[in-house]
Structures are given as structure tokens and as C-alpha cells.
Amino acid sequence: MTSPKSTSEGPRPVVVVDDHPLIRRAVVAALSQGGLPAFECSIADPDAAAAWIATLRPGSVVLDIDLGSGLEDAGERITPILVAAGWRVIILTGNRDREVLGACLAAGATGWVGKDLPLDEIVELIRRAMAGDEIVSHDERARALAVSREGAAGASRLAMLSRREREVLDKMVEGRSAQEIATDFVVSVHTVRAQIKSVLRKLEVTSQLSAVALLHRQHH
């Protein structure tokens, strides 16, 4: 990994952070051929990558959301750090999950570019984003942000459940009836029904099906 000199002169750097060497090098090479000072960052650890980038003169970062096993939320984690340091963050990803993309937008990312596009299109979109152009439509941006907000709200409501209420919800996901749950936990059906009502109230839903669907959305 070559480290660009930190300087206040010349074009601002563009750093490509991706755990796939072929993709990272191809994008850096294409940007460099276009006259941009592009560099690759092969540091897998998100915090270490952000620290290394922060030593440079702020420019643009082309950032993969997922930097490997256990680092699937890397983009969401370090985007606000980079944005706060003055960097423009452009997400490069194969992940089309609107909740994840919306979280990155909410954290300050400019937009996203799909890895499934031809390399010349990827580079053109990156150049446009670097110039301040919108690369994600207003409607798509709004949908991603809305899904992200809904996901965050759902996670917050799930966190309000007690340990036993979460266990009851897990049993509901398995399709267990109130009587079966009562048998499993060696309590009365009345107790379980009261716990189910509490789960629905805290999750702000009106049916067990809706509660199960909310949990599924959090896991997928």
C-alpha cells in the first residue's frame, strides 16, 4: 500500500478501501489513468483504515461496506468518522440492502456505486460523485433512508424487551402457541399471554405475525 504525501497543494487524493485486491487495484488503476491521484488502502480493520486515511489531506474515499468476515458493517462504522474529518465518502458495494445503504447515507455518505457495473461506469460515477453530482436518484435516496430509519426504530423497540419477553418472541418465531410456550417455560398460559401482550405493546404492533415479521426484518 503506497501512502500519498500529505500536502495542501495539487488535486485532492481519492483512496479506495476494499478487501478484494482485484477490485481495489482495478479501480485505482482506472482512476489514475484518468489523471486522478488515486491510492489503495488494503487495511482490513475499519478503525485502522480510518486512522490511516485521516493522516492525509482530505479528498474522497471509495469505500466498500463489507471489509470481510465480522466487518460487514465497516462502511456504516467509519463513514461518519471520515465525513467528520472532511472526506467525501462514496460507497462501492455489491450490497443492495436498502437499510444498509440508507444507514451509510444517514452517516454522511454521498451515494453508492454498484460493483456489478462495468468498470468504466463505476469510474465515471465515482468521478461525478467527487465533483459533487448526485449519483443516486432522489426517490432511491429517500427510500433507502426511510428503510434505514424503520430498521433503526425496530432495533430500538426490540432492545426494550426483557430477556423473557425476547425468549417468548423467539418461541413465536418458531410457531409455538401460547400453551406450548407455557409448557416450555413451566408457567401458566395466562402469564404467557400477558407476556405476548407486553411484547406487542413494546414493539408497537397489533399482532403476533407483525411482531415476528419485525424480528425477521432485523435479521435479513
Side-chain angles (χ1 to χ4, degrees), residues 1-117 119 121-133 135-136 141 144-145 148 151-152 155:
M1 179 173 64
T2 302
S3 178
K5 295 180 180 179
S6 181
T7 175
S8 60
E9 300 178 356
R12 295 182 180 274
V14 52
V15 180
V16 180
V17 185
D18 197 300
D19 64 324
H20 294 90
L22 292 179
I23 294 176
R24 188 174 67 236
R25 292 166 188 166
V27 173
V28 166
L31 291 170
S32 298
Q33 289 172 3
L36 293 172
F39 305 88
E40 58 178 292
C41 176
S42 58
I43 301 173
D45 179 77
D47 297 323
W52 180 80
I53 294 170
T55 65
L56 312 176
R57 180 191 181 204
S60 298
V61 175
V62 178
L63 175 65
D64 189 4
I65 289 176
D66 180 356
L67 294 182
S69 178
L71 301 173
E72 292 84 359
D73 63 345
E76 184 180 349
R77 281 173 53 187
I78 67 176
T79 290
I81 298 172
L82 297 172
V83 170
W87 289 82
R88 182 189 300 276
V89 176
I90 305 153
I91 300 298
L92 176 64
T93 182
N95 189 334
R96 294 293 184 170
D97 186 321
R98 282 201 179 103
E99 183 174 345
V100 175
L101 295 172
C104 289
L105 291 179
T110 296
W112 67 80
V113 179
K115 286 185 178 181
D116 55 341
L117 297 173
L119 181 59
E121 291 185 30
I122 290 175
V123 172
E124 176 58 26
L125 286 170
I126 291 173
R127 293 180 70 97
R128 285 177 51 196
M130 291 174 62
D133 293 344
I135 59 173
V136 177
R141 176 182 293 272
L145 286 169
S148 176

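The figures that follow rest on heavy atoms only: side chains count, while hydrogens, waters and symmetry mates do not. The shown structure was predicted, so the numbers you read here are calculated from the model rather than taken from an experiment.
- The two residues I81 and A50 have their closest heavy-atom pair at CG2-CB, 4.2 Å.
- What you find for C104 and I65 is that their closest heavy atoms are SG-CG1, 4.1 Å.
- Of the inter-residue distances, the one linking R25 atom CZ with D18 atom CG reads 11.0 Å to the nearest 0.5 angstrom.
- Checked options I90, T110, L36; the residue passing with I126 is I90 (criterion: side chain to side chain contact (heavy atoms under 4.5 Å, CB included)).
- A 4.5 Å side-chain heavy-atom check between W87 and V15 finds at least one atom pair inside the cut-off.
- For the residue pair A144 and L105, the shortest heavy atom distance occurs at CB-CD1, 4.3 Å.
- Minimum interatomic distance between R12 and R57 (heavy atoms only, all atoms of both residues): NH1-NE, 3.5 Å.
- By the 4.5 Å heavy-atom criterion applied to side chains, V17 and I53 are counted as neighbours.
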side-chain contact (heavy atoms from CB on, under 4.5 Å), that's the test. Do I23 and L92 meet it? Break it down for me. CA-CA 10 Å; I23 294 176; L92 176 64; 4.2 Å; yes
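- Comment: D47 engages R77 in a salt bridge, judged by a side-chain N to carboxylate O separation of less than 4.0 angstrom.
- Nearest heavy atoms, I135 versus L125: CG2-O, 3.5 Å.
- For the pair V16/L31, a side-chain contact is recorded, criterion being any heavy-atom separation below 4.5 Å from C-beta on.
- The two atoms that bring G102 and L145 nearest to each other are O-CD2, 3.5 Å, heavy atoms only.
- Between atom CG of residue L22 and atom CZ of residue R24 there is a gap of 9.0 Å, rounded to the nearest 0.5 Å.
- Residues I78 and V61 are not in side-chain contact: their nearest non-hydrogen atoms beyond the backbone lie 4.5 Å or more apart.
- With salt bridges taken as basic N to acidic carboxylate O contacts below 4.0 Å, one links K115 and D64.
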